[in-house]
Amino acid sequence: MERPPVCLVTGNEHKVREAAMTLGRYGIRVERCPMRKLEVQSDDLVEIARTAAESLCGRGPDAPLLVEDAGLFVRRLRGFPGPYSDFAYRTIGVEGILRLLDGVEDRAAYFMAALCACWRGELACFSGVVEGTIALEPRGTGGFGFDPIFVPDGHTATFAELGEDVKSAISHRARALAAFAEWFLSKEL
Ligand code: ITT
């Protein structure tokens, strides 16, 4: 029996494309789920994703429902913007983060993704982290959000320069999705 496509609840088309590329490597198909997700305020990305997934469990199609919450954590800014990345992106933006790091040598940062899946009454959460540094200026046109200023460790190019093919293999989202794929594929149909 063929596995049903997983249903990603998000308003962000980039996330759907990245997830389709990552999960495609495991033979898992992805569709965007036209549902609204609950967005609670918390310092914990897993709690945010878990609460949203719980509230949708059993309401979607007979397929795994996925909710993902992600953020950029800048070490020198004590983890800011972290769970407030969406607000920070819409207000101060990429340029605002660069200004906060003006003259700062330690530019270490990481992206984290928390992914919660609900399927056949079971809820499971996975997370993924990618370490890197904040570039001195925005570079590249691919991706979304803070991709033009994030350089993953082991690379000199930003996520926006590396493009979706590379990002979908090494990113925080890719790591969380890989853990989900192992879980999903271990389940009998
Ligand atoms: P949802 O509908 O899935 O919530 P979103 O775009 O609001 O989509 P998040 O709340 O998970 O996504 O992420 C908050 C912000 O963090 C997002 O607006 C981006 O600015 C940033 N972000 C998250 N993941 C990112 C990534 O892979 N690359 C660059 N920026 C990212």
K.L.:
Roughly how far, to the nearest 0.5 Å, is CZ of R3 from OH of Y26?
P.N.:
14.0 Å

K.L.:
Among pairs that include at least one residue of residues 147-157, which meet side-chain hydrogen bond (donor to acceptor under 3.5 Å, both in side chains), considering only residues two or more places apart or in two chains?
P.N.:
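Residue pairs with at least one partner in residues 147-157: D147-K167.
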
K.L.:
When you look at R173 and L115, which way does the side-chain contact (heavy atoms from CB on, under 4.5 Å) test go after all the steps?
P.N.:
CA-CA 8 Å; R173 182 161 298 108; L115 177 72; over 6 Å; no

K.L.:
Walk me through whether R76 and L101 qualify under side-chain contact (heavy atoms from CB on, under 4.5 Å).
P.N.:
CA-CA 8 Å; R76 193 53 197 268; L101 290 178; 4.3 Å; yes

K.L.:
Working to the nearest 0.5 angstrom, can you tell me the gap between R32 CZ and N12 CG?
P.N.:
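R32 atom CZ to N12 atom CG measures 9.5 Å (nearest 0.5 Å).
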
K.L.:
Give a yes or no answer on whether the side chain of T158 reaches the backbone of I149 with a donor-acceptor pair at less than 3.5 Å.
P.N.:
no

K.L.:
Tell me whether V9 is reachable from L38 by hopping between hydrophobic residues (I, L, V, M, F, W, Y) whose side-chain heavy atoms are closer than 4.5 Å.
P.N.:
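No, it is not one cluster - the side chains of L38 and V9 are not joined through contacts under 4.5 Å.
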
K.L.:
If you take the centroid of each ring, where Trp contributes its six-membered ring, are Y89 and F146 closer together than 6.0 Å?
P.N.:
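Aromatic pair counts; centres sit under 6.0 Å.
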
K.L.:
Within the supplied structure, the quantity of interest is the number of heavy atoms (other residues, nucleotides, ligands) at a distance under 6.0 Å from R78 CZ; does it exceed 12?
P.N.:
no

K.L.:
Quick one: CD on E137 to CD on E95, what's the gap to the nearest 0.5 Å?
P.N.:
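These two atoms lie 9.5 Å from each other.
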
K.L.:
Any side-chain to backbone donor/acceptor pair from D106 onto A108? Under 3.5 Å, distance only.
P.N.:
yes

K.L.:
For residues V30 and P5, report the shortest heavy-atom separation together with the two atoms involved.
P.N.:
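What the structure gives for the nearest pair is N-CB, 4.5 Å.
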
K.L.:
For the pair R139 (side chain) and P148 (backbone), establish whether a donor and an acceptor sit closer than 3.5 Å, ignoring hydrogens and angles.
P.N.:
no

K.L.:
If we count only N and O atoms by modelled type, under 3.5 Å, do the side chains of R25 and S168 hold a donor and an acceptor together?
P.N.:
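Short answer, yes.
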
K.L.:
Taking all non-hydrogen atoms of both residues into account, name the closest pair between G128 and A176 and its distance.
P.N.:
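Closest heavy-atom pair between G128 and A176: N-CB, 3.7 Å.
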
K.L.:
Is the F184 ring parallel, tilted or perpendicular to the W119 ring (thresholds 30°, 60°)?
P.N.:
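It falls in the perpendicular class, over 60°.
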
K.L.:
Would you sort out whether V6 and R29 count as a side-chain contact (heavy atoms from CB on, under 4.5 Å), showing the intermediate values?
P.N.:
CA-CA 6 Å; V6 302; R29 290 166 298 138; over 6 Å; no

K.L.:
What distance separates C116 SG from E47 CD, expressed to the nearest 0.5 Å?
P.N.:
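The CD atom of E47 is 10.5 Å from SG of C116, to the nearest 0.5 Å.
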
K.L.:
At what distance, to the nearest 0.5 angstrom, does CZ of F159 lie from CD of E164?
P.N.:
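Separation between the atoms: 11.5 Å.
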
K.L.:
Evaluate the side-chain contact (heavy atoms from CB on, under 4.5 Å) criterion for residues R107 and L98: first the C-alpha distance (whole Å), next the side-chain angles of each, then the deciding distance (0.1 Å), finally the verdict.
P.N.:
CA-CA 10 Å; R107 306 181 74 84; L98 290 178; 3.9 Å; yes

K.L.:
Taking all atoms of both residues into account, what is the closest heavy-atom pair of A135 and V151, and its distance?
P.N.:
CB-CG2, 4.1 Å

K.L.:
From L66 CG over to C125 SG, what is the distance, rounded to the nearest 0.5 angstrom?
P.N.:
10.5 Å

K.L.:
Which atom pair, heavy atoms only, marks the closest approach of A88 to P81?
P.N.:
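Smallest heavy-atom distance, with atoms named: CB-CB, 3.5 Å.
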
K.L.:
So if you build clusters from Ile, Leu, Val, Met, Phe, Trp, Tyr with side-chain heavy-atom gaps below 4.5 Å, do I134 and F111 land together?
P.N.:
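Yes: a chain of side-chain contacts under 4.5 Å links I134 to F111.
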
K.L.:
Does this structure show an ion pair linking E68 with K37, if we count only N-O contacts that are shorter than 4.0 Å?
P.N.:
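Here E68 does not pair with K37 in a salt bridge, since their nearest N and O are not under 4.0 Å apart.
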
K.L.:
Run the salt-bridge test on E182 and K187 with the 4.0 Å N-O cut-off and return the result as yes or no.
P.N.:
no

K.L.:
Apply ring-ring contact (aromatic ring centres under 6.0 Å, His included) to F126 and list each qualifying residue two or more places apart in sequence or on a separate chain.
P.N.:
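F126 satisfies ring-ring contact (aromatic ring centres under 6.0 Å, His included) with W183 only.
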
